[in-house]
Protein chains: 2
Amino acid sequence: MLSRSPTGPARSGRPRSAEADAAILEATRASLVDLGWSKLTMGDVATRAGVAKTTLYRRWAGKNELVVDAVAVLFDELELPDLGSLAADVEAVVLQFAALLERPETKTALMAVVAESTRDEALRDRIRDSIVNRQKRLVLQGRERAQERGELPAEPDEVVAARTADLIFDVIAGAVVHRALVSAEPVDADWAQRFTLLLLSGLGAAASQAD
Amino acid sequence: MLSRSPTGPARSGRPRSAEADAAILEATRASLVDLGWSKLTMGDVATRAGVAKTTLYRRWAGKNELVVDAVAVLFDELELPDLGSLAADVEAVVLQFAALLERPETKTALMAVVAESTRDEALRDRIRDSIVNRQKRLVLQGRERAQERGELPAEPDEVVAARTADLIFDVIAGAVVHRALVSAEPVDADWAQRFTLLLLSGLGAAASQAD
DNA sequence: CTCCTTACGCTACGACCCGTAGCGTAACTG
DNA sequence: CAGTTACGCTACGGGTCGTAGCGTAAGGAG
């Protein structure tokens, strides 16, 4: 499922239990909900999953990697529904992302693993590969649709296009995360609408809106 | 200095050592640089500061509160220089904030304490009071200047004005943090310029820029 | 100067978690 | 069948936590 044994050449010996993998990741999410990141322990996860602690260490280097894998799958549930306009699409994905960050598993885990990753390059790569970069698809898809609708001009230069997509991604994801976890205020429909107006039309338009 | 004994009514007994306070906070920052958030221990900070471990616990409930106080002062160094235009002001503060996040103390501590705060309301309030809300002054100051220059219209409704300021704050701070710590890519002059264009003029303008 | 009060340094402690070694058993391959 | 790898279990040294207890230091009140 991960980078571990990419279609291994059918090694001999007893194979690893796929059920154990699923049980461990599920137990990890449950432990995140009950205990939060800082009080989650490998022993507790092992007990919940019904496996030995040593089994965890045979598959994951430690708590950081385990939690990344446990929450990564949740982010793949994000979708970009086609609502007919770029503004509507952006608002929808913002609210989806906010709902995801409201879940106690992701709320407590996301910032923690990112904090850990500032001192662990391998962990940083793992997060990028299994969480962050996967969601850039949403930006690319949204732009593509907007261009088809004529809401955005075509960008011939691929390098510029990719750079802009990264910028958009950091702005959207960063703003929602900051609102939800740092400012700790609700990301509701009103906020999503005002944010989208700012993103699409800029500060001048956002500052002069009436209602 | 903090919420502890707000101009205490001159209690009797031996007063707390102000030197110890400064030494502990300095030692905490040094330990963050050397060990990072996760490997920082109360015992190590106490040793570096030349005080007993019990002294730390008499003043701070634990690692979370200690680190918040240790890094909070660093954020007060941010300033908004008047460079003559809103765009230039925004770019400058973005680069300043990015430079602050490049420091190993803040880089490893900021996300970690925010992650902890998702399960600790008192800690969340502490972060808001001593770090986050203090920096909103930059947004208010920037808008005031822009309005004086005629770059932004006046906003008569205070509620709307405050709401917009919060939005701007989340967008700027969130985008920079996400770029620097999650995407882990450099916040350089080029990025700051492109981000500012997006913020001021919106996606349409940012997507159709040539160079 | 003498009480009273609070802060400090130091030691020691139980509790918890870490990550691993060792061993016998289970599962799958050739 | 033998060979190989995974699993469960126990046990362990090492580290950190947060606190209790004690003697001492530094202020204020009389």
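Just so it is clear: chains get the letters A, B, ... in the order the sequence lines come, proteins before strands, and each one is counted from 1.
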Subject >> Separation between CD of B:Q135 and CD1 of B:I172, rounded to the nearest 0.5 Å >> reply: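 One finds 12.5 Å between CD of B:Q135 and CD1 of B:I172.
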Subject >> Point-to-point distance, once rounded to the nearest 0.5 Å, from CG of A:L110 to CD1 of A:I127 >> reply: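 That separation rounds to 8.0 Å.
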Close side-chain approach of [X] and [Y], heavy atoms under 4.5 Å:
{"X": "B:D188", "Y": "B:L95", "value": "no"}
{"X": "A:R58", "Y": "A:T54", "value": "yes"}
{"X": "A:V187", "Y": "A:F97", "value": "no"}
{"X": "A:E91", "Y": "A:F195", "value": "no"}
{"X": "A:R137", "Y": "A:L78", "value": "yes"}

**OP:** Encode nucleotides 12-17 of chain D as B, S and - characters from 5' to 3', where the letter depends on protein heavy atoms closer than 4.0 Å: B to the base, S only to sugar-phosphate, - to neither.
**Re:** ----SB
[X] [atom1] to [N] [atom2], straight-line distance once rounded to whole Å:
{"X": "A:D21", "N": "D:dA6", "atom1": "CG", "atom2": "C1'", "answer": "12 Å"}
{"X": "A:R16", "N": "D:dT4", "atom1": "CZ", "atom2": "P", "answer": "18 Å"}
{"X": "A:E19", "N": "D:dA6", "atom1": "CD", "atom2": "P", "answer": "16 Å"}
{"X": "A:L56", "N": "C:dC17", "atom1": "CG", "atom2": "P", "answer": "15 Å"}

**OP:** Run the numbers on A:Q147 and A:R145 for side-chain hydrogen bond (donor to acceptor under 3.5 Å, both in side chains), then give the verdict.
**Re:** CA-CA 5 Å; A:Q147 288 171 340; A:R145 283 186 192 158; over 6 Å; no
So which protein N/O to nucleotides 21-28 of chain C N/O distances come out below 3.5 Å?
unit_1	atom_1	unit_2	atom_2	d
C:dA26	N3	A:R14	NH1	3.2
C:dA27	O4'	A:R14	NE	3.4

